[in-house]
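Reading through the structure tokens given below for one structure.
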Amino acid sequence: MKKEKQKPAYGMLSNCAFMIRRAWRDCKSVLVIAAAIVFCGVSASLLELFVIPAVLEAMEQGISPGALFRLILWFTLGMVLIRALRRYLDANTLFGRVEVRSGLCSDMHQAFCRTSYPHIEDPGYVKQQEKGNEATENNRSAGEAIWNTMTELLTNLISFGVYLLLLAQTGPWVALLCIVLAAVGYLIGEHIRAWRYRHREEESALWRKLTYSMERSKDMKLAKDIRIFGLAPWLSEIYDKYSRLCYDFCAKSQRRILWADLLDVGLALLRNGAAYGLLIAMALRGDLSPAAFVLYFTAVSGFTGWVTGIFSGLSTLHRQSLDLSALREYLEIPEPFLFEEGKPLPLQPGRQYALELRDVSYRYPGGEKDTLSHIHLTLHPGEKLAVVGKNGAGKTTLIKLLCGLLDPTEGQVLLNGEDIRPYNRRDYYRHFAAVFQSFSVLAGTVAENVAQAPAEEVDLPRVWDCLERAGVAEKIRELPQGADTHLGRDVYLDGVELSGGQMQRLMLARALYKDAPLIVLDEPTAALDPLAESEMYQKYSELTGDRTSVYISHRLASTRFCDRIVLIGDGGISEEGTHEELLALNGEYARLFRIQSKYYREGAMEDA
């Protein structure tokens, strides 16, 4: 069954009004220059239309050579001034239009950076964001190019009205003939030319694949794999394949454009030939003076140009309106969480917090069943809780619910007995220091990454204290610029790359710097060996003191020091207790622990 196309939320007039309001707010010069460009366009066309007929009429009336010279001079001077003004306007209009588009870019960026976490994992939201970005990508995008379209369309409409009034004096047939044939030619030609637009998703998919294959081929992180596994021929074959497909697509599009242009030429010959024939017949009958004949003869070609320009402008404006509608729809997507409008939740130093999952279930969008189902779990103040289980059991989902990154499909998440949903979610996040398996390291200095703040806001003595406590200060002192050394080489050529263990300790320093009452570790040490992971978790435990903490690991031995361990399985908590209690229970936890212990012992014997 064919999927019904969703109608855009906003039409052309609404989107034009939206852009005018944005320009009035962000840069009023855009509107002033646009109006001046329309004035120049209409004035230039009228001067060019009337100059020759006016000269002929003056000569028919037998005016003196001096007067004729002055007439020509005035027309010439007017056209020079109009064209000079237009050049000036064209040279200065870009700045304001870029400023307006930059404002839209900023809104898009802010919306994506500040949105609720569930949107990040929602494919529908991400797709809408990509569609919205298309309106602000570059100077040719709708967020800027629409000004050209609107000024040209308005120029065409005004000029069309003037020419229509002029040609109407010859009777209805000339104007009607020009309008009908110009409209037919444009509509047929535009349908052919729009083939590429109708297949834009296919083209976009081809270019994404071509770009991806090209980027992967020169990705420094893949350099070792490409050489060791001999991937170069495979990558070259993929690149060549999508290069050919992109070429074939462009060739199909160009062939259709060629046919549209040939059709346009044929209809133009028919249209202009018929119109000129009517004018010549009128001139031969004596109904038109030489000056009037030249005036109407010139007006015919200009009139058809305005008709075609109006249709073309409306078509372009329609496409740009779709992009702007997608942008506006994205900016207006409702947030599932409360932020500034929520209840404030100030951080109270020294206060301890309890977290509770009360009959919580969660199902991901589009999922066939719940990932977690009817979970009851209380994390007591100062308690160290371990969450363990097989990969895919739902451990990370449980942590996201505790951290407030997700809201349960059913049930409640409670902080000290209060549902977290009415609170300002950003205030809630300030209560957590979390280290996830995929943590963020920006292309900034060591100090900026520890403090998660720009350099001028970093408390450097506090950074060094946290680095010392995390056991990585000595390594940082050995770096070329100490804590001011840049991390990574994506932006800074002098950046350094830390080892996995050093990076883990840097993340510990970051967690210590935030000094939050609730600590969450979601398998940040998964890339380390079991012994290193166990030592790192012990280090976290020692340094976080009596703070409420949650530790996630699929290696059971790493979290045996915790006050309580919960084993996640089959969408719920299958076992719960201390390490010793769960071993004595001789259930799934004990079985997994024996299997893992066996592998660790065998690995130690082989290493010996």
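Side chains included, hydrogens not; waters and symmetry mates left out as well; all remaining heavy atoms used.
With respect to the salt-bridge test (charged N to carboxylate O, under 4.0 angstrom), the residues Asp407 and Arg425 qualify. Taking the charged nitrogens against the carboxylate oxygens, Glu99 and Arg22 have no contact shorter than 4.0 Å, which rules out a salt bridge. For the pair Lys384 and Asp563, the salt-bridge criterion is not met [side-chain N within less than 4.0 Å of a carboxylate O].
At a cut-off of 3.5 Å, with distance as the only test, a side-chain donor of Thr396 or Asp522 sits close to an acceptor on the other residue. Residues Glu335 and Ser116 bring a donor and an acceptor atom of their side chains to less than 3.5 Å of each other. Side-chain atoms of Tyr125 and Gln129 include no donor-acceptor pair closer than 3.5 Å. Between the side chains of Thr316 and Gln320, no donor-acceptor pair is found at a separation under 3.5 Å. The closest side-chain donor-acceptor pair between Ser141 and Asn138 falls under 3.5 angstrom.
More than 12 non-hydrogen atoms from other residues, nucleotides or ligands lie less than 6.0 angstrom from CD of Glu456. Applying the 6.0 Å contact sphere to NZ of Lys131 captures no more than 12 heavy atoms from other residues, nucleotides or ligands. For Arg227, the CZ atom is loosely surrounded, since the number of other residues' heavy atoms within 6.0 Å does not exceed 12. Counting heavy atoms of neighbouring residues, nucleotides and ligands inside a 6.0 Å radius, atom CD of Glu474 does not exceed 12 of them.
Annotation: side chain of Gln452 is not in contact with side chain of Lys514 (no heavy-atom distance under 4.5 Å). Within the 4.5 Å cutoff, no side-chain heavy atoms of Trp24 are placed close to those of Val30. Here the side chains of Ile565 and Leu582 are in contact, with some heavy-atom distance below 4.5 Å. By the 4.5 Å heavy-atom criterion applied to side chains, Thr445 and Leu487 are not counted as neighbours. Trp207 is listed as a side-chain neighbour of Cys246, based on a closest heavy-atom distance under 4.5 Å. Met19 has its side chain out of reach of Glu144: every pair of non-hydrogen atoms, C-beta onward, lies at least 4.5 Å apart. With a 4.5 Å cut-off on side-chain heavy atoms, Pro480 and Asp494 do not count as touching. Inter-residue side-chain proximity for Leu414 and Leu355 is flagged as unmet; no heavy-atom pair is nearer than 4.5 Å.
Taking the ring centre of Tyr513 as origin, the terminal cationic atom of Arg462 falls inside the region bounded by 6.0 Å and 45° from the ring axis. Figure legend: cation-pi geometry between Arg426 and Phe339, with NZ or CZ positioned under 6.0 Å from the six-membered ring centre and within 45° of its axis.
Distance check, rounded to the nearest 0.5 Å: CG of Leu379 to CG of Leu415 gives 10.5 Å. To the nearest 0.5 Å, atom CG of residue Asp107 and atom NE2 of residue His109 are 11.0 Å apart. Taking NE2 of His486 as the start and CG of Leu479 as the end, the distance is 12.0 Å to the nearest 0.5 Å. Interatomic distance, CG of Leu345 versus CD of Glu418, reported as 10.0 Å (0.5 Å rounding). Expressed to the nearest 0.5 Å, how far OG1 of Thr93 lies from CH2 of Trp147 amounts to 9.0 Å. Rounding to the nearest 0.5 angstrom, the gap separating the OH atom in Tyr362 from the CG atom in Leu398 is 13.0 Å.
For Arg510 (side chain) and Asn449 (main-chain N/O), a donor-acceptor pair under 3.5 Å exists by modelled atom type. A donor-acceptor contact shorter than 3.5 Å links the side chain of Asn416 to the backbone of Ala354. In this structure, Glu448 contributes its side chain and Ala455 its backbone to a donor-acceptor pair below 3.5 Å. Listed for the Ser253 side chain is no donor-acceptor partner under 3.5 Å among the backbone atoms of Ala251. Without hydrogens or angle criteria, Ser213 side chain to Ile238 main chain gives no donor-acceptor distance under 3.5 Å. One N or O on the side chain of Lys395 and one on the backbone of Gly389 form a donor-acceptor pair closer than 3.5 Å. In this structure a side-chain-to-backbone donor-acceptor pair under 3.5 Å is missing from Lys241 to Glu237. For the pair Arg564 (side chain) and Ala386 (backbone), a donor-acceptor distance under 3.5 Å is absent. No donor-acceptor pair under 3.5 Å is formed between the side chain of Lys343 and the backbone N or O of Arg421. With hydrogens and angles ignored, the 3.5 Å screen pairs a side-chain donor or acceptor of Gln502 with a backbone N or O of Ser499.
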Checklist entry - Step by step, would you call Glu383 with Arg547 a salt bridge (Lys or Arg N to Asp or Glu O under 4.0 Å)? => result CA-CA 7 Å; Glu383 183 180 21; Arg547 290 183 179 85; over 6 Å; no
Checklist entry - Between Tyr353 and Gln348, is a side chain to side chain donor-acceptor pair (under 3.5 Å) present by the stated rule, with each step listed? => result CA-CA 10 Å; Tyr353 294 88; Gln348 301 177 25; 5.1 Å; no
Checklist entry - Would Val435 and Leu508 satisfy side-chain contact (heavy atoms from CB on, under 4.5 Å), going step by step from the backbone distance to the final call? => result CA-CA 8 Å; Val435 183; Leu508 172 56; over 6 Å; no
Checklist entry - Can you list the steps and then say if Thr211 with Arg208 is a side-chain contact (heavy atoms from CB on, under 4.5 Å)? => result CA-CA 5 Å; Thr211 303; Arg208 278 201 307 270; 5.9 Å; no
Next on the checklist: Before you tell me yes or no, could you show the steps for Asp465 and Arg469 under salt bridge (Lys or Arg N to Asp or Glu O under 4.0 Å), namely the whole-Å CA-CA distance, both residues' side-chain angles and the distance that decides it to 0.1 Å?
Outcome noted: CA-CA 6 Å; Asp465 176 64; Arg469 292 160 63 195; 3.5 Å; yes
Checklist entry - How far apart are the C-alpha atoms of Leu377 and Val566, what are their side-chain angles, what is the distance that settles it, and do they pass the side-chain contact (heavy atoms from CB on, under 4.5 Å) test? => result CA-CA 9 Å; Leu377 175 66; Val566 293; 4.0 Å; yes
Item to check | Verdict with supporting geometry, His579 and Phe593, ring-ring contact (aromatic ring centres under 6.0 Å, His included) | outcome: CA-CA 10 Å; His579 175 70; Phe593 185 80; 4.8 Å; yes
Checklist entry - Going through the checks in order, is the side chain to side chain donor-acceptor pair (under 3.5 Å) test met by Gln110 and Ser106? => result CA-CA 6 Å; Gln110 290 292 329; Ser106 178; 4.8 Å; no
Checklist entry - Going through the checks in order, is the side-chain contact (heavy atoms from CB on, under 4.5 Å) test met by Val98 and Asn139? => result CA-CA 7 Å; Val98 169; Asn139 302 110; 3.8 Å; yes
Item to check | Tyr551 and Phe561: CA distance, side-chain angles, deciding distance, ring-ring contact (aromatic ring centres under 6.0 Å, His included) verdict | outcome: CA-CA 10 Å; Tyr551 299 81; Phe561 65 87; 5.2 Å; yes
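Ring centers of Tyr330 and Phe112: at least 6.0 Å apart, outside the cut-off.
Across all non-hydrogen atoms, the minimal contact from Gln352 to Gly382 is NE2-CA, 4.0 Å. For Arg216 against Ile226, the heavy-atom pair with the smallest separation is O-CD1, 4.1 Å. The minimum heavy-atom distance linking Tyr364 with Thr371 is given by the pair CD1-OG1, 3.3 Å. Considering all non-hydrogen atoms of both residues, Ala443 and Val491 come closest at CB-CG2, 3.6 Å. Pro408 and Leu401 make their closest contact through N-CD2, 3.7 Å (heavy atoms, listed as atom of the first residue, atom of the second, distance).
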